[in-house]
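Notes for the one structure printed next.
Worth knowing before you read on, the calculation uses all heavy atoms, side chains too, and leaves out hydrogens, waters and symmetry mates.
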Amino acid sequence: MDEFRIDSHKLMFHVGRVNDWLNGALVYPIYMEISPVGSCNHRCTYCALDYMEYRPRRLDKDLLNKRLDEMSSLGLRSVMYAGEGEPLLHRDIGEIINHTKKAGMDVAVTSNGVLFGARLMEACLPSITWIKISINAGSKETYARVHGCREEDFSTVLRNVSAAVKRRASEGIPATIGMQMILLPENAHEALDLAKTAKEIGADYIVIKSYSQHPRSITRLYEGLKYGEYLHLRDELEGLSSYDFKVIFRVNAMKKLDDDGRGYERCLALPFWSYIDSGGGVWGCSAYLGDERFLFGNINDNTFEEIWSGAKRKKAMEFVANDLDTGECRRNCRMDEVNRYLWELKHPGRHVNFI
């Protein structure tokens, strides 16, 4: 059972915000992804944002904290630190995480986990709602090939996850600690081994997910990858699930890659989330980073309220509502399930009153 709804969505828990949107009101995001840095210590073979060139730029801590306070007051409920780089490379990431929590928002981190050592854990683990470690192999050799790194990083990551689990238990910290594997031809034979390892070291869950080709990515190594031949792994992997450990095999996302349609004609999800890149740019969609049509402004130049209510965002939203061809969008984008839900709300069937 996917108790975290990772293969679905959670917008139905924000009925008030959705109702305001349905009535035409300006709504501020519920969720935001922020990229603290542009650089990365790995060069993964599947990296969707390789075209961003891993630029060595970083957000200013003090300015970001100021904007976080503002965004919280406007209704932002959660922040995930991830983005085009490795978020833990930011020298002030512990302080930023703690400030985000103090400002009243839930905090998530998606990371390769190499830098999640004892000092950083001690500094900020109590402020983290969940952390998900990307570890795309069950052996050090395959890990090094897929992640484009040293073999030693594999044991470092597993050691860090294990230490986080132990610290959480000893200090009574409520953080959820998960792991994630993107299923690829190179690592599929190690998925079960990794899931067993995740369970042994005490992770709460492991996600097995599909690759999705980013339209702007340089890498085309896995373009057109289908998952029919890998679906047999589901039963064996999910057989490891127990009361305190879950295998989340994202079969729904895998099957959608074979669908001809998306279930919606327009993207409706953009009012409910946003993305801030490592240079401070505020984007409507992370799948269109670098496309100026989706750039709303920059937090170094304006407040978030000015950006969100400004002319550039208004123009972008008009384009998305009237002209964006969703057939050109990334398959299984982060807001795909949200879009399916919102489209159905806007276009209900004839029998909806028979609840």
Side-chain angles (χ1 to χ4, degrees), residues 1-2 4 6-7 40-48 50 82 86 88 109-117 121 130-166 168 176-213 219 221-222 225-255 257 332:
M1 180 180 177
D2 181 7
F4 304 110
I6 291 173
D7 204 27
C40 190
N41 53 342
H42 284 184
R43 290 293 182 273
C44 299
T45 57
Y46 59 85
C47 182
D50 54 2
E86 165 51 49
L88 302 189
V109 179
T110 297
S111 165
N112 60 43
V114 175
L115 300 175
F116 198 52
M121 261 183 252
W130 59 261
I131 181 168
K132 185 161 56 184
I133 303 300
S134 179
I135 178 166
N136 298 284
S139 70
K140 64 181 182 180
E141 295 83 6
T142 304
Y143 180 87
R145 288 198 299 272
V146 173
H147 280 254
C149 67
R150 306 172 306 162
E151 291 185 358
E152 291 80 5
D153 283 358
F154 181 71
S155 58
T156 297
V157 173
L158 293 179
R159 186 167 57 248
N160 287 345
V161 174
S162 179
V165 169
K166 292 174 182 176
R168 176 183 65 177
T176 300
I177 300 170
M179 295 164 62
Q180 174 175 282
M181 170 191 264
I182 295 179
L183 200 61
L184 304 170
E186 297 95 316
N187 65 21
H189 66 289
E190 297 179 354
L192 186 61
D193 289 338
L194 181 61
K196 289 178 178 178
T197 299
K199 185 174 184 176
E200 288 170 5
I201 63 178
D204 294 301
Y205 65 83
I206 184 168
V207 177
I208 309 295
K209 65 178 290 188
S210 54
Y211 171 81
S212 172
Q213 179 66 50
T219 180
L221 186 60
Y222 307 108
L225 181 61
K226 301 296 184 180
Y227 283 87
E229 65 180 285
Y230 300 114
L231 295 181
H232 71 277
L233 295 171
R234 179 185 182 184
D235 290 342
E236 194 170 11
L237 283 161
E238 290 184 346
L240 293 174
S241 292
S242 60
Y243 175 77
D244 55 1
F245 176 76
K246 298 293 186 294
V247 176
I248 302 166
F249 191 87
R250 295 194 58 182
V251 65
N252 181 43
M254 293 178 188
K255 289 181 176 179
L257 290 172
N332 282 354

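Residues passing the salt bridge (Lys or Arg N to Asp or Glu O under 4.0 Å) test with Lys226 are Asp258, sequence neighbours excluded. By the side chain to side chain donor-acceptor pair (under 3.5 Å) test, Glu190 pairs with Ser139, Thr142, sequence neighbours left out. Applying the side chain to side chain contact (heavy atoms under 4.5 Å, CB included) test to Leu115 and every residue at least two apart in sequence or in another chain returns Asn41, Leu88, Leu89. Take Ala203 and apply the side chain to side chain contact (heavy atoms under 4.5 Å, CB included) test, not counting sequence neighbours, and it matches Met179, Ala198. Every side chain to side chain donor-acceptor pair (under 3.5 Å) that Tyr46 has, sequence neighbours left out, goes to Ser134, Asn136. Checked against side chain to side chain contact (heavy atoms under 4.5 Å, CB included), Leu231 has the following partners two or more places apart in sequence or in another chain: Phe249, Val251, Met254, Lys255. For the side chain to side chain contact (heavy atoms under 4.5 Å, CB included) test, residues two or more places apart in sequence or in another chain that qualify with Gln213 are Tyr211, Ser217, Arg220, Glu223. By the side chain to side chain donor-acceptor pair (under 3.5 Å) test, Thr197 is found to be paired with no residue, residues two or more places apart in sequence or in another chain being considered. Scored by the ring-ring contact (aromatic ring centres under 6.0 Å, His included) test, Tyr205 finds Phe4 as partners (sequence neighbours excluded).
The shortest side-chain heavy-atom distance between Val161 and Phe116 does not fall under the 4.5 Å cut-off. Using a 4.5 Å heavy-atom threshold, the side chains of Tyr143 and Val157 count as touching. Taking the side chain as every heavy atom from C-beta outward, Ile133 and Asn160 never approach each other to under 4.5 Å. The closest side-chain heavy-atom distance from Pro185 to Tyr222 is below 4.5 Å. Contact check for His42 versus Val114: side-chain heavy atoms found under the 4.5 Å cut-off. For the pair Leu192/Leu240, a side-chain contact is recorded, criterion being any heavy-atom separation below 4.5 Å from C-beta on.
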Would you please test Leu158 and Ile135 for side-chain contact (heavy atoms from CB on, under 4.5 Å) and show each step? CA-CA 9 Å; Leu158 293 179; Ile135 178 166; 3.6 Å; yes
Please step through side-chain contact (heavy atoms from CB on, under 4.5 Å) for the pair Leu184 and Tyr230, ending with a clear verdict. CA-CA 9 Å; Leu184 304 170; Tyr230 300 114; over 6 Å; no
Leu194 vs Ile206, side-chain contact (heavy atoms from CB on, under 4.5 Å): CA-CA, chis, key distance, verdict: CA-CA 9 Å; Leu194 181 61; Ile206 184 168; 3.7 Å; yes
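Between Leu225 and Leu257, the shortest heavy-atom distance links the atoms O-CD1, 4.2 Å. Pairing each heavy atom of Thr45 with each of Thr219, the nearest pair is O-OG1, 3.2 Å. When every heavy atom of Asn332 is checked against every heavy atom of Ser210, the shortest pair comes out as ND2-OG, 4.0 Å. When all heavy atoms of Ala195 and Val247 are compared, the closest pair comes out as CB-CG2, 4.5 Å.
No donor-acceptor pair closer than 3.5 Å links the side chain of Asn187 to the backbone N or O of Met181. With Asp7 contributing its side chain and Asn252 its backbone, the two residues share a donor-acceptor pair below 3.5 Å. Between the side chain of Glu86 and the backbone N or O of Asn112, at least one donor-acceptor pair lies under 3.5 Å.
Between atom CG of residue Leu221 and atom SG of residue Cys44 there is a gap of 12.5 Å, rounded to the nearest 0.5 Å. Between Ile182 atom CD1 and Cys47 atom SG the span is 9.5 Å, to the nearest 0.5 Å. Atom-to-atom distance recorded for Arg250:CZ and Gln180:CD is 7.5 Å, nearest 0.5 angstrom.
Annotation: salt bridge (charged side-chain N to carboxylate O under 4.0 Å, His left out) contacts involving residues 193-202, sequence neighbours excluded, are absent. Applying the salt bridge (charged side-chain N to carboxylate O under 4.0 Å, His left out) definition to pairs two or more places apart or across chains, those involving residues 144-164 are Arg150-Asp153. Applying the salt bridge (charged side-chain N to carboxylate O under 4.0 Å, His left out) test to residues at least two apart or on different chains, the pairs with a partner in residues 231-241 are Arg234-Glu238.
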